[in-house]
K.L.:
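Pasting in a structure now, in structure tokens, and then I'll have a few things to ask.
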Amino acid sequence: MRLLLTVLKRIHKPPADTSRPRCLSSSASSGLLPLRDEALILGSSRELVQRLGSQVEVRTTFITEEEEGALLRELEPGLKKKRYEFDHWDDAIHGYRETERVRWGPACEEVLNRVRSVAFPQGSPLLGPVHILDLDKTGYIKPHIDSVKFCGSTIAGLSLLSDSIMRLVKEDASNEWLELLLPRRSLYILRDQARYNFTHEILKDEESVFNGQRVARQRRISVICRNLPD
Ligand code: OGA
Ligand code: MN
């Protein structure tokens, strides 16, 4: 049985032109600092990074190792019962298994409440179940926009187990793009135009290079909260 989210959520877009110039836009960097001290958002132009800046956030170490452990303990038993799916060529996602969860233990509920309080306007009605997406080391997410029929203006995701790179590409202008470094245990938030007018994707391991630095992709679990459309 396919989950509601799998079937309804995403509008898959064909891959965009990948010949994009690499331009560091959010802050100066020497290239010698460890990755975590570098800017986490790169873009095709300084202007785009500034314009979209308020609609795209990456918060490093949003959760502690203990909180990551608590989430994994709660999620692993259910995930392990499923098999990774590789063969749906038309799916937006390759090499994944997924689930949804409504009820959480207290430690996880506290983490999720923190996500909700920073990501969504107070009182904004949220999609009840939290979406859990488990990407195999070889898994990746192709460019897509989440269905506007089922999801509202904001998408907030925690990254567990692995660093990864999310790329946003403007739907009608593939020369406009942002890349986000999503460190393990970080939270990302996409809002408004960044959510509606840009495709998002998670790069496969082979393509996982951020600002000239290789970012090894391991198995990655994301815990994603969404609000409801108006
Ligand atoms: C999705 C998606 C991103 C992530 O499931 O629609 O874009 O962080 N996931 O896993
Ligand atoms: Mn998505």
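Order of listing sets the numbers, starting from 1, for every ligand and every atom in it. The basis for the numbers below is simple: all heavy atoms, side chains too, and nothing from hydrogens, waters or symmetry mates.
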K.L.:
Any salt bridge between R219 and E76, counting N to O under 4.0 Å?
P.N.:
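Salt bridge flag = yes for E76 with R219.
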K.L.:
Whether E201 and K142 form a salt bridge (side-chain N of Lys/Arg under 4.0 Å from carboxylate O of Asp/Glu) is what I want to check.
P.N.:
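No.
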K.L.:
Counting each atom of ligand 1 from 1 as listed, which ones have a heavy atom of D146 under 4.0 Å away?
P.N.:
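This gives 6 (O) as the contact atoms.
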K.L.:
Looking at S222, which atoms of ligand 1 are within less than 4.0 Å of one of its heavy atoms?
P.N.:
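Ligand 1 atoms under the 4.0 Å threshold to S222: 4 (C), 8 (O), 10 (O).
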K.L.:
To the nearest 10 degrees, could you say what angle the Mn ion (ligand 2) makes with NE2 of H200 and NE2 of H144?
P.N.:
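H200 NE2 and H144 NE2 form an angle of 90° at the Mn ion (ligand 2).
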K.L.:
Distance under 4.0 Å to a non-hydrogen atom of Y188: what atoms of ligand 1 satisfy this?
P.N.:
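So the atoms of ligand 1 that pass are 3 (C), 4 (C), 8 (O).
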K.L.:
Should we say atom CD of E65 is surrounded by more than 12 heavy atoms from elsewhere, each under 6.0 Å from it?
P.N.:
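At most 12 heavy atoms, drawn from other residues, nucleotides or ligands, come within 6.0 Å of this atom.
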K.L.:
Looking only at heavy atoms, is any part of L182 under 4.0 Å from ligand 1, and if so is it the side chain, the backbone, or both, or is it neither?
P.N.:
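No part of L182 is near ligand 1 at this cut-off.
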K.L.:
Tell me which N, O or S atom from D146 is the closest to the Mn ion (ligand 2).
P.N.:
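Per the distance ranking, D146 contributes OD1 as its closest N/O/S atom to the Mn ion (ligand 2).
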K.L.:
Any Lys/Arg nitrogen of E109 or R116 sitting under 4.0 Å from an Asp/Glu carboxylate oxygen of the other?
P.N.:
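The answer is yes: the pair qualifies as a salt bridge.
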K.L.:
One residue to check: I141. Relative to ligand 1, which of side chain, backbone, both or neither has a non-hydrogen atom less than 4.0 Å away?
P.N.:
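Near ligand 1, I141 shows its side chain, while the N, CA, C and O stay back.
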K.L.:
At the 4.0 Å heavy-atom cut-off, does R226 count as touching ligand 1?
P.N.:
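Yes.
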K.L.:
Applying side chain to side chain contact (heavy atoms under 4.5 Å, CB included) between L180 and each of I165, V58, I202, report the one that passes.
P.N.:
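It is V58; the other options fail the test.
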K.L.:
Is the closest heavy-atom distance from H131 to ligand 1 below 4.0 Å?
P.N.:
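True for this residue.
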K.L.:
Of all the atoms in ligand 1, which lie at a distance below 4.0 Å from a heavy atom belonging to R220?
P.N.:
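So the atoms of ligand 1 that pass are 4 (C), 8 (O), 10 (O).
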K.L.:
Are K137 and D205 ion-paired here, with the side-chain N under 4.0 Å from a carboxylate O?
P.N.:
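Result for this pair is yes, salt bridge flagged.
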K.L.:
Are any of the side-chain nitrogens in D163 or R217 under 4.0 Å away from the carboxylate oxygens of its partner?
P.N.:
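Salt bridge flag = no for R217 with D163.
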